**Student:** 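Mind having a look at this structure? Questions to follow.
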Amino acid sequence: MTEEKLKKILENHAKWLKDPQTGERANLAGVDLVGANLAGANLEGANLTRANLDTANLSGANLSHAALEKASLIEADLTNANLTYADLSYAELIGARLKNACLAHVS
């Protein structure tokens, strides 16, 4: 996925969070985001099922209520990330950095 396309998806997602009638929920299911810089991104409620986020920078990202089932987060940086109510069922977190990450109510 190009950086420009990802930026557009994140912009539409931000609009959706404010008003579901004007934007669109980020659907990144199955997308290859290896090494992506998503530091500080607001991905609240995003669909990242089966996404490949290996070595991605998600530090400070808001992933609350995000669908991360079967996502690969190998060696991803989730420092200070908000994963409250995220669905991490069968997600791979080998070597992921989770320092100060909020993992409240994760399933």
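The shown structure was predicted, so the numbers you read here are calculated from the model rather than taken from an experiment. Values reported hereafter were calculated over all heavy atoms of this structure, with side chains retained and with hydrogens, waters and symmetry mates removed.
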**Student:** With sequence neighbours left out, what residues match Tyr85 under side chain to side chain contact (heavy atoms under 4.5 Å, CB included)?
**Tutor:** His65, His105

**Student:** Side chain of Asn37, backbone of Ala39: donor and acceptor closer than 3.5 Å?
**Tutor:** yes

**Student:** If a pair satisfies side chain to side chain donor-acceptor pair (under 3.5 Å) and one of its residues is in residues 90-100, list it, with sequence neighbours excluded.
**Tutor:** none

**Student:** Using links of under 4.5 Å between side-chain heavy atoms of ILVMFWY residues, direct or through other members, which residues join Leu33 in one cluster?
**Tutor:** Met1, Leu6, Ile9, Leu10, Leu28, Val31, Leu38, Leu43, Leu48, Leu53, Leu58, Leu63, Leu68, Leu73, Leu78, Leu83, Leu88, Leu93, Leu98, Leu103, Val106

**Student:** Between atom CG of Asp54 and atom OG of Ser72, what is the distance when rounded to the nearest 0.5 Å?
**Tutor:** 3.5 Å

**Student:** Evaluate the side-chain contact (heavy atoms from CB on, under 4.5 Å) criterion for residues Glu11 and Lys8: first the C-alpha distance (whole Å), next the side-chain angles of each, then the deciding distance (0.1 Å), finally the verdict.
**Tutor:** CA-CA 5 Å; Glu11 286 172 3; Lys8 183 68 175 171; 4.0 Å; yes

**Student:** Is Ile94 isolated, or which residues cluster with it under the ILVMFWY side-chain rule of less than 4.5 Å, directly or via members?
**Tutor:** Ile74

**Student:** Enumerate the residue pairs fulfilling side chain to side chain donor-acceptor pair (under 3.5 Å) with a member in residues 22-32, sequence neighbours excluded, ordered by first and then second residue.
**Tutor:** Asn27-Asn47

**Student:** Testing the 3.5 Å rule here: is there a donor-acceptor pair between the side chains of Asn80 and Ser59?
**Tutor:** no

**Student:** Taking side chain to side chain donor-acceptor pair (under 3.5 Å) as the test, write out the residues that go with Thr55, two or more places apart.
**Tutor:** none

**Student:** Can you tell me if Ser89 and Glu69 form a side-chain donor-acceptor pair at under 3.5 Å?
**Tutor:** no

